[in-house]
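Presented below is the structure to which this report refers.
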Amino acid sequence: MSDATDPWLIVGLGNPGPDYAANRHNVGFMVADLLATRIGGKFKRAQKAQAQVVEGRIGPPGPASRRMVLVKPMSYMNLSGGPVTALRDFYKVPTDHVVAIHDELDVDYGSLRLKLGGGDNGHNGLKSMTKAMGPDYHRVRFGIGRPPGRMQVADFVLKDFSSTERKELAFLVDRSADAVECLLAEGLERAQSAYNS
């Protein structure tokens, strides 16, 4: 069982490379990038896994601050589990101190949901993580809604946010980063009551 001194592994899910950077599927990378900026860190290539990492502390100085390792797997979404598990083992992070930040089809755009454990809902990044280490990690689910009309899910998640969505995107990414900080500092119930919408 984990305790307050254990580090947290915060995983922003996405696909590497400029072609994917602004896709809906890459919102996890966007939130991870903002969290890195907040702690004054820059992503560097991990020695132990196909990923980029930033180490730092989040929260107020003193006993309330939390040690955190931010991760962006560079393996492509459907192979995220390998790098995440390697880094979890390297940093000795309990599975319940792993947080996946990801796009969520079954949550409306603009809404956020936090939870511990559960299924993968067809999300290939979660599927890979769960296969590698079981389902008992936290999720910060960034709502992207369902594709319009007959558009295929794969096409929808690999498209950039629409011009209408982009008007709110920076605010929503900021709010998601706040939710991650709240989860680490105050626990899941407090973060759910403050940020689930």
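Small disclaimer: the values here were computed from a predicted structure and weren't measured.
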(message) Is it true that, when you exclude K48 itself, more than 12 heavy atoms of the residues, nucleotides or ligands shown sit nearer than 6.0 Å to its NZ?
(response)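 Not more than 12 within 6.0 Å, no.
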
(request) State, with a plain yes or no, whether a side-chain heavy atom of T130 is found less than 4.5 Å away from one of P135. (result)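 Sidechains of P135 and T130: in contact.
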
(request) For the residue pair L184 and I10, establish whether any side-chain heavy-atom pair is separated by less than 4.5 Å. (result) yes

Of the non-hydrogen atoms in [X] and [Y], which two are nearest, and what is the gap between them?
X: S80; Y: L13; result: OG-CD2, 3.5 Å
X: V84; Y: P73; result: CG2-CG, 4.0 Å
X: M77; Y: H25; result: CE-O, 3.3 Å
X: E165; Y: I144; result: OE2-O, 4.4 Å
X: C182; Y: Y195; result: CB-CE1, 3.7 Å
X: V98; Y: Y137; result: O-CB, 3.5 Å

State whether the side chain of [X] and the backbone N or O of [Y] hold a donor-acceptor pair below 3.5 Å, judged by distance alone.
X: H138; Y: A100; value: no
X: R113; Y: S197; value: yes
X: R175; Y: L112; value: no
X: T85; Y: G82; value: no
X: R166; Y: F161; value: yes
X: Q50; Y: M74; value: yes

(message) Apply side chain to side chain contact (heavy atoms under 4.5 Å, CB included) to residues V153 and R146 and explain how you reach the verdict.
(response) CA-CA 8 Å; V153 164; R146 284 264 159 201; 3.9 Å; yes

Measure the [atom1]-[atom2] distance between [X] and [Y] for me, rounded to the nearest 0.5 Å.
X: L172; Y: Y109; atom1: CG; atom2: OH; value: 5.0 Å
X: L169; Y: F142; atom1: CG; atom2: CZ; value: 5.5 Å
X: D174; Y: L35; atom1: CG; atom2: CG; value: 9.5 Å
X: L9; Y: R67; atom1: CG; atom2: CZ; value: 10.5 Å
X: M129; Y: R88; atom1: CE; atom2: CZ; value: 9.5 Å
X: L116; Y: E189; atom1: CG; atom2: CD; value: 11.0 Å

(message) Less than 4.0 angstrom from a charged side-chain N to a carboxylate O is my criterion; do R38 and E181 meet it?
(response)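 A salt bridge links R38 with E181.
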
(request) Flag the pair D103 and R141 as a salt bridge only when some basic side-chain nitrogen lies within less than 4.0 angstrom of an acidic carboxylate oxygen. (result) no

With a 4.5 Å cut-off on side-chain heavy-atom distances among I, L, V, M, F, W and Y, is there a chain of contacts connecting [X] to [Y]?
X: Y91; Y: W8; value: no
X: L158; Y: I101; value: yes
X: M68; Y: L34; value: yes
X: V71; Y: F90; value: yes
X: V180; Y: F43; value: yes

(message) Quick one, L188 with L183, criterion side chain to side chain contact (heavy atoms under 4.5 Å, CB included). Give me CA distance, side-chain angles, the key distance, then yes/no.
(response) CA-CA 5 Å; L188 180 61; L183 171 64; 4.0 Å; yes

(request) May I ask you to decide if the ring planes of H102 and H123 are parallel, tilted or perpendicular, using 30° and 60° as cut-offs? (result) perpendicular

(message) Hydrogens and angles aside, do N23 and N15 bring a side-chain donor and acceptor to less than 3.5 Å of each other?
(response) no

(message) With side chain to side chain contact (heavy atoms under 4.5 Å, CB included) as the criterion, how do N196 and L114 come out once you've worked through the C-alpha distance, each side chain's angles and the decisive distance to 0.1 Å?
(response) CA-CA 6 Å; N196 277 13; L114 287 81; 3.5 Å; yes

(request) For side chain to side chain contact (heavy atoms under 4.5 Å, CB included), just list the numbers for D33 and K72, CA-CA rounded to whole Å, side-chain angles, deciding distance to a tenth of an Å, and then say yes or no. (result) CA-CA 9 Å; D33 285 337; K72 294 196 298 186; 2.7 Å; yes

